Structures are given as structure tokens and as C-alpha cells.
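If you're wondering where the values come from, they're calculated on a predicted model, not measured in any experiment. Per chain, numbering begins at 1; letters A, B, ... match sequence-line order.
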Amino acid sequence: MFLRFREDVIKTLGEYGDEKFLRESEHSDLASTVAFKLAKEMKKSPKEIADEIVEKIEVESDYIGSVESTNGYINFFASYEFLEDTISVILDEDENYGHLNAKGEILIEHTSANPDGPLHIGHIRNSIIGDTIARIFSKAGMDVKTHYYVNDMGRQVAITVLGVEKLGLKDKKPDHAIAEAYIGANRLIETQPELEEYVENLMLEYERGNEDIVSKFRKAVETALSGIRQTLESINIKHDEFIWESEFIRNGYVDKVIRDLEEKNLIKKEGAWTIELEELEKGVVVRRENGTTLYITRDLAYHLWKNENYNRFINVLGADHKLYASQLSKILMTLGLKPPEIIFFEFVSLPEGSMSTRRGKFISADELIERVKEETEKILADREMDEEEKRKISEAVAVGAIRFDFVKVAPEKPMVFDWSKALDFERQTASYIQYSHARACSILRKAVEEGMPDLDFRGELCTAEERKLVMVLSKLPYFIQRVIKELRPNVFAEYLLSVASTFNDFYRLHPVLRAKSELRMHRLAIVDATRIVLRNGLELLGIEPLERM
RNA sequence: GGACCCGUAGCCUAGCAGGACAGGGCGUGGGCCUCCUAAGCCCAAGGUCGCGGGUUCGAAUCCCGCCGGGUCCGCCA
């Protein structure tokens, strides 16, 4: 709804309608700062110019109630009609509210952690960003597929295979068992360097397709993935497909990419095969002297496949992949292929330094989830609820807290993980939004018990807080559009927090159930619309919208 | 050595297509449940927006330099 208001403002401004100068403002519903920009060339004060523009323009939109010039700003205010349409559209569209007319398919690759152990708290930053983006694209109307790219050909997997052979697998959650074998094997290699050669041979045989070795790799990777899947599922994340790197060896895509590179005369063959491009600061090896391929070779093949099957594809990658990704993209472009759109996120580190699966220095996502859940259970311990409900609520709140904590931080900010903060429920987190949603539900539940009247929102009945709340509610599609354009899911988290906070301002000052007749119908409409926005918003963040808590 | 990211009150964080008093939260001090869920709300104190230059009528936001933290520069993935 806000999107249409915005469009109308741009149209109304005509030649002054450059969206670069539009600002959301606390002084109006939308403001333009064009007058400041024009001040110089027109040799007039911004105030004069703004006055003139306001004088000149003609408002034809039903959604624009008034326009004012203040200190050089041109302030637009939404009309009652806009507010009324907003509420009626929300109530009408219900679970669809927020959709845009986005069309087409999109592939989102995220998480893609090496299958050498459980996901740790750095990996799930990736997962949560990727999953949230996927949900938001899907809401916008696009047909989204998600991929987990499985690095089954890496050295770490070979080491894992060695670990399983030498040390076996402990009886614990499969991904954790794999980590133990992996960490153990790394220690073995340190003391027995001759194992290096064995590991290299495993890699060679795996690439060649030696059946015995292939089944060992498969088994190790599947074992790790089954645990990883469980973890992801526990925080409401599910991939449509797991794509194994080795598939691109077996299905000919690697050969195809190599051929394309050869045809363009991009490969220099001196023992190893190297791509040398001006744009690349260094040569990139795509084939070892022993004839095997490298990670980037398979990734190029994967991206060739993506090009053939999708118009848009997004990868969520840790910032440590920046150089690698730029090499990949440059090579793809010289092949005339589209590079992926990439969301980079900075590292999650521990107070004592960065994490490492190999050294066993990490906090697993499972441990985080477990401990946060214990904390939420404590909070619920003395509530009068049956145990089953308590369990469900504490789980939903725990998962919400974790997802929100990661998604709310801008991807480019490095994070330092802190247990005391992760477990602190006094902090404003997802539970605040879930609570606001439950509050709205509770009011509506009681209204139904008392015989729900027809909802009838009326613009002219709005108090300042009600008006503000409705304006915020009107922005859901606008924020969905922003996330899609900017690929920054944290702006959506921020938005949802503002919905909850604005609703709480309304709640404090406006009795709903005790209000009389038309005011009661009016406010119930606002509460219901808020409930819908909070519910849809929480779902986009992968957080369960609880009706009671 | 080269490249990239981050640096906002005691702590965490928003804002960074330059513009109306730098928003929140935690923590601190004080207050609010005969009233729709107090996982809530209100009030107060707390800021050289890392430092120094520059561009501009105007800089947290753009440019340059420096400092601090992180990351990357493998025939690893």
C-alpha cells in the first residue's frame, strides 16, 4: 500500500520526483529533499524552492491527503482513504499480504558447509540469511529453489574418510560423530605424515570414480549431512536440493567448462592448467598436474549449470570467499556467462578467536539451540500450562531468538559470539515480536468470545498513534521490496520490530474491548490487521507466530 | 607487502543513493499490574558517530591519510 502512495508522490512531484530525494520521515509520511539539491543552480533558498514546488504541483492521488513545505522539505501526508484502503487490503489479503508482483524463478544457494562435522554458529549465520532471503523472495511472488552445495570432493572429506577407517564412528548425532573422526584423523596426520599420501590417493580415486572409494565417501558425507539436516530443520530451514560437487565431474559439466575455456584460449598448460586473465591478479589453476580438478573447476561447472537453468541465482557466502568469488565471477564473465549475485557476511568469532572445525574449536548450532531452549524452559517453568504447550512455546521462542539474533545484524558486520547475550531474554528479541502477536491474538480471541462485531476501520477516527500504526502496517510490501533489491534481510528484522513497538504504543493508550460500538469495531480492525502483519512478518523470518505465550 | 570489511554512550546495534534534534535495546536510577498477556510500558542520566585532514550552504554518511579489530592473497575448500 505504501508502495502506491510512494508512486503517487513521485508522480505528483513530476519533474521533481526523483526517488533519490524521497525520505521516510518523522515529520510526515514521505518527504522530498529536492529543494536542497536545486538551491544552488536556482540560486534560491531551499525554502523558497520548496514553497514554489508545493504551489505548482497538483495532487490527483486519492492517497495523498496534503502537501506542505517546511524548511525546504516537501512533506506529503497520506489521506484517510489511504489508511482505509490499507486496512481493508490487509484484512482481505490476509496471509498473502506482502506479496509483490515479482515473477520468475530464482535459485538461492546457502549454507553449503563442508560435510566434515556439525554446523557451528558461523555456518548458521549463512543459513539464516539465506533462508530468510528465500522466504522473502517467495513471498514477493517468485518461484524460489534452494540449494545446499555439498563439497564432497574436498581434502577434508578425504581426511574424514581416513578418520572413519582408522577410528570408526562413535554412537552420537551423526554430524558430531563425523567431526570427531575428522578431528582425530587430523591429529593422526600430524604424527604420521605418511598418511598425507594416502589422503591424496583417496581424493584421486574418488575423482576417478573408484567404486569402493566412492561408497566410502558417500557414506561419510551422507552421515554428516543427515546430522546437518536435522540441525537445519530444528531452526526451520529446509533445502529443496543437496547438489554434490562430484555430480559435475560425473555429468560432464566439468569437461564442458574446460572445453569452453580451451576454445577461448584461456588455458595455459604447463603441467597444471592455469587460467590467466588480465582482470585476475594471479593465475587460477583449474586442473592439477595429476589430472584432477579443483574446487573452482567444479564450481565453474555448477555455475554453468545455473546459467542454463536460471535467470537469477544468489549465493550466500562468508567474507573469506570474497577473492575466490571475484575470480569465479570474472572467469564466468569472460565465458559470456552470468556471475552469481552474492550476499557476503562477515565472520562469527568467539571471544577467544575464530572457530575451526579441524581443531575442534567451535560452538555447534546444536549446543546453542539446546542451551537457549533450556533458558526458555526456565522462564515458562511456573506458568499454568500443560507440559506439551510449554515445550512447544519454549522451542518456538528459542528458535525465534536465535534466528532473530543473527538476522538482525547487518551481514557486513563481524559478530563476536557471547553466551551471556545469547541466553539473555531481557533483551529485545524475537520474543518481543512474538509476544506482541500473542497479545493481538488474545484481544481478538476475547472479542470472538463476546461475539465478534463486523470490523469497520474509519480513517477519521484515528488517533495519532493509530494513524502511525496503520502507516507502519502499510509498509510490509515496501520492506519486502527493499530486501529483494538490497539483499539485506536485517532491514526486515528492523521493520518487524518497529511494527511490534508501534503496536505496543497503541495498546498502552487505546482500550479495544472496552471501547464503545464504532470505536471498538475500528480498533478491532487495527488489531486484526496488526496481527496479520506480525504473523506474516514472523513467518518470513522463519519464526513461529505464537498465539499464546 | 597488496586487497576487502568493520569501528556509533559501559555493552550490543540502526541510520551510510549528504539534509529537520544520531534512532533502538541491554545495563544503571526512578515509576506503572482492582484495567484487553508486566516476555509489557513510562521517565531520567549516558554520545568528541575511532583519530586527523578535505569536498560541501550542510558530513555518522562522500574523498584522502592514520590507528584499532577481522578476513583473504595454495596444483586447499
Quiz prompt | Atom pair distance, as rounded to whole Å: CD1 in A:I393 and P in B:rA39 | solution = 12 Å

Quiz prompt | Whole angstrom value for the distance that separates P of B:rC41 from CG of A:D505 | solution = 8 Å

Self-check item: Rounded distance in Å between the P positions of B:rC36 and B:rU28
Solution: 29 Å

Quiz item: Should B:rG18 form a Watson-Crick or G-U wobble pair with both distances under 3.5 Å, which nucleotide is its partner?
Solution: none

Quiz item: Taking the same atom, C1', in B:rG47 and in B:rA22, what whole-Å distance lies between them?
Solution: 9 Å

Quiz item: Cation-pi between A:K306 and A:Y302: NZ/CZ under 6.0 Å from ring centre and within 45° of the ring axis?
Solution: yes

Self-check item: B:rG70 versus B:rC49 - spacing of their P atoms, nearest Å
Solution: 25 Å

Quiz prompt | Closest to the A:D320 side chain, choosing from B:rC36, B:rU71, B:rG18 | solution = B:rU71

Quiz item: Looking for any heavy atom pair under 4.0 Å, which part of the strands does A:E486 touch: base, sugar-phosphate only, or nothing?
Solution: nothing

Self-check item: Main-chain N/O of A:E279 paired to A:K330 side chain as donor or acceptor, under 3.5 Å
Solution: yes

Quiz item: Across all strands shown, which nucleotide pairs with B:rG47 by Watson-Crick or G-U wobble geometry, both distances under 3.5 Å?
Solution: none

Exercise. Could you check which nucleotide pairs with B:rG40 in any of the strands shown, counting Watson-Crick or G-U wobble with both distances under 3.5 Å?
Key: B:rC32

